[in-house]
Number of protein chains: 2
Amino acid sequence: MSVKPLKFVKLRHAHHQETAQDYVEMIQDLLKEEGEARVTEIAKRFGVSAVTTHKIILRLQKEKLVDSKPYRALFLTPKGKKMAIQSKKRHNVVYRFLKKLGVPEKTAQIDAEGIEHHVSPKTLRIFQKFMEQG
Amino acid sequence: MSVKPLKFVKLRHAHHQETAQDYVEMIQDLLKEEGEARVTEIAKRFGVSAVTTHKIILRLQKEKLVDSKPYRALFLTPKGKKMAIQSKKRHNVVYRFLKKLGVPEKTAQIDAEGIEHHVSPKTLRIFQKFMEQG
DNA sequence: GTCTTGATTTAGCCAAGGCTAAATTGATAC
DNA sequence: GTATCAATTTAGCCTTGGCTAAATCAAGAC
Ligand SMILES: [Mn+2]
Ligand SMILES: [Mn+2]
Ligand SMILES: [Mn+2]
Ligand SMILES: [Mn+2]
């Protein structure tokens, strides 16, 4: 049998996207819920220090996903907004799919937070169809 | 609504386990398929350099999952064997579950490689039941 | 206008996983 | 037995995402 590193290469790529996806989703949530997105609140919700959040925000700014001036609140760029919308949608499909299957609410929340980043477009469509019918 | 960092804390914990799980699984495969597990072959299959694999093996030895002498082949400790068996079983349930749902073989392989590490015992049992019946 | 304080940022540390280049070694060929 | 060569290991670099301690700043209180 031949060797297939492809799936591991894709796995590493997915990992590299996870933080960005969770952060833009969180910023979008805060903008909606609280009116503004601040480092301290993001850090509290992720359960990390404000310093960790700050450093990740710097990276997301370099990647043109987040926009802000020093000591000020955070905003999503158009690119960041787009990623947030897509990520949230996928997250929600995975979450509802798990619940439809019979996974308890709390467990579905926890598992969806990890699974979402590894569901390909093909699999996502199948999850969606399952919910509409099943 | 209250703030719930729990799912993110668990996500980070899952990530910390991923590499170990994939490596012990791979070593087990090689012991079975090839008779021995070598750094070079592991690196080839993961699609990383032999140096990267070597460093990860050093960590797994410190964690008492892997056993070997310098320049020699690798073995699993009892602890490593146990993890390999459990990981392989979970991986397989996730993979077969996706195929049963209608996900194409190749996609199921790729997605399962990432999803497996985020499926809790409760969700795994539900996946299993779905296959037996559905 | 100044003071105070909480939020933000900077400095500096760590571990995990990536890499290339170079040194070492085990095993095979001769 | 020695020479060779492929595999392994070491050295040294990078990025991401963790942390604490200390510095800086914005905004509200007075
Ligand atoms: Mn999400
Ligand atoms: Mn997530
Ligand atoms: Mn696996
Ligand atoms: Mn895996």
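Residue numbers start from 1 in every chain, and the chains themselves are labelled A, B, ... in the order their sequence lines are given, proteins ahead of strands.
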Interatomic distance, [X] [atom1] vs [N] [atom2] [rounded to whole Å]:
X: A:Gln17; N: D:dT15; atom1: CD; atom2: C1'; result: 15 Å
X: A:His54; N: C:dA7; atom1: NE2; atom2: C1'; result: 12 Å
X: A:Ile57; N: D:dG18; atom1: CD1; atom2: C1'; result: 16 Å
X: B:Ile42; N: D:dT8; atom1: CD1; atom2: C1'; result: 12 Å
X: A:Arg72; N: D:dC25; atom1: CZ; atom2: P; result: 12 Å
X: B:Lys44; N: D:dT8; atom1: NZ; atom2: P; result: 11 Å
X: A:Gln21; N: D:dT16; atom1: CD; atom2: P; result: 16 Å
X: B:Leu30; N: D:dA7; atom1: CG; atom2: C1'; result: 15 Å

Task: Side-chain heavy atoms of B:Leu11 within contact of B:His118, under 4.5 Å - done: yes
Task: Selection residues 107-131 of chain B - residue pairs positive for salt bridge (Lys or Arg N to Asp or Glu O under 4.0 Å), sequence neighbours left out - done: A:Lys7-B:Glu113
Open item on the list: Applying salt bridge (Lys or Arg N to Asp or Glu O under 4.0 Å) as the test, list every pair that has at least one member in residues 11-25 of chain B; sequence neighbours left out.
Closed with: B:Glu25-B:Lys88
Taking only residues two or more places apart in sequence or in another chain, which ones pass side-chain hydrogen bond (donor to acceptor under 3.5 Å, both in side chains) with [X]?
X: A:Arg90; result: A:Gln21
X: A:Arg59; result: A:Glu63
X: B:Ser49; result: B:Thr52

TODO: For nucleotides 15-25 of chain C, just jot down a letter per nucleotide in 5' to 3' order: B, S or -, based on protein non-hydrogen atoms under 4.0 Å.
DONE: -SBBBBB--BS
